[in-house]
Amino acid sequence: MSRLVMKFGGTSVADLDRIRNVALHVKRERDSGHEVAVVVSAMSGKTNELVAWVKDASALYDPREYDAVVASGEQVTAGLLAIALQRLGLAARSWQGWQVPVQTSDAHGVARIEAIEASGIEEGFRRGEVAVVAGFQGVHAGTGRIATLGRGGSDTSAVAVAAAIRADRCDIYTDVDGVYTTDPRVVPKARRLERIAFEEMLEMASLGAKVLQVRSVELAMVHGVPTFVRSSFDDPAAPRPGTLICGEEDIVESQVVTGIAFSRDEAQVTLRRLKDAPGIAASVFIPLAEAGINVDMIIQVASGDNRHTDMTFTTTTADFERACALLTDKKAAIGFETLEGSTDVVKVSAIGVGMRSHAGVAAQAFQALSDKGINIRAITTSEIKFSVLIDAAYTELAVRTLHTLYGLDRVAA
Ligand code: ADP
Ligand code: ASP
Ligand code: MG
């Protein structure tokens, strides 16, 4: 008998009607003979509400209690879906993370899954039960405390469960019918992809396409789990297959650029008139690293007078204030004149395995953006992607420009 993991995100379980609709999707797969583990998110908006409550309770909250609170949203949907399935005549039970157990690290709020003990779920399969697993959560074995996996983490729960039960497939049901060439809510001409390579999906997700959590794609790639992104809003009796995330070798027709991603979660910091001497980059970036602040793009301007230089880097908006405060504190020791910062920036990226064998792909983008009067603040490139940092006001124009430039626009039927 084949095994299947079906994951349903927040909008797919937003209310009881939608949960009943999810139950019909699950029934279809059960009726066609699959053993099914379902992974659910909290109802849409629920996790945001829980996070806001925690922050309201205390700005300096205990991260273990944050996890105890925010994990509760998934507990509710798992129970409700199990009830909805039972009402359709299916045997089903809910599993919270600690009951499975899904073992995680103790990095509360951003924990990683370390192991999943699948025997309980598998015994349930032998009894003919559907396992309804609360996504986004697990338990740290050492302390026995509940831990959550970071926002969007139910995707990762789903792929990890699929790997643990050796599922034939992991279907991620969401509010769009697949992975698109860019966010279809921003570019109406975005095209749905039949297939996308793991490496490309990994870059798309890490560069801002929130359709899948990055870690879920890593796990799918490492464990070779065939993963589909598809719509829970399709008729449960006649669903479409969605987009398959698969090995590069399984992609028949590929373009140089597969997709455009963008991230608004960026902040830029510029240090002016730094002393231009060996060790200067270390004096800036070591304290940031020690404070756990991740830095992404870095530009050091070649010095005009051999004495002073400017340094620009980007970080996440969450780390921005901390990075500025820390560097301002160390101003005398580092030796710069002024610090300028902005959160009004966005990173736009183009991704495609075809870039490996084509030169000048990024150069075309620089020209096209300049033709639209968009100024580029920073650039990074690597084997299968490049990114530009621009003013946030130009986000949509830049994404659409690159989307058209690389021939990704949907042709009207
Ligand atoms: P869920 O609640 O089901 O986990 P998410 O909101 O996390 O759903 O992810 C789905 C959303 O991802 C879509 O509604 C869409 O706006 C967004 N998205 C961003 N980039 C893409 C893309 N390239 N393809 C499809 N969806 C994308
Ligand atoms: N409910 C969690 C969140 O909103 C996890 C998820 O939806 O994947 O981040
Ligand atoms: Mg999500």
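Numbers here simply count residues along the sequence, with the first being 1. One-based numbering, in listed order, for ligands and for the atoms of each.
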Contact (N/O only, under 3.5 Å) between S41 and ligand 1: no
Quick one: nearest non-hydrogen protein atom to [atom], plus distance?
atom: atom 11 (C) of ligand 1; value: D175 OD1, 3.9 Å
atom: atom 4 (O) of ligand 1; value: K7 NZ, 3.2 Å
atom: atom 2 (O) of ligand 1; value: G10 N, 3.1 Å

Identity of the nearest option to atom 9 (O) of ligand 2, non-hydrogen atoms only, from K46, R151, K7: R151
The one among D183, D155, T174 that brings a heavy atom closest to atom 20 (N) of ligand 1: D183
Any G152 heavy atom less than 4.0 Å to ligand 2: yes
F262 side chain near E396 side chain, heavy-atom distance below 4.5 Å: no
Part of [X] with heavy atoms under 4.0 Å of ligand 1, whether side chain, backbone, both or neither:
X: R185; result: side chain
X: T182; result: backbone
X: M201; result: neither

Test item, [X] contacting ligand 1 (heavy atom, 4.0 angstrom):
X: A261; result: no
X: R151; result: no
X: G152; result: no

Over 12 non-hydrogen atoms of neighbours within 6.0 angstrom of OH in Y394: no
Row check, F228 ring normal vs R169 NZ/CZ: under 6.0 Å, within 45°: yes
Numbered atoms and elements of ligand 2 in range of T47, under 4.0 angstrom, heavy atoms: 1 (N), 2 (C), 3 (C), 4 (O)
E74 neighbourhood, listing ligand 2 atoms whose heavy-atom distance to it stays under 4.0 Å: 1 (N), 2 (C), 5 (C)
Min N/O separation G10 to ligand 2 under 3.5 Å: no
E383: which of E203, M355, E199, R356 passes side-chain contact (heavy atoms from CB on, under 4.5 Å): R356
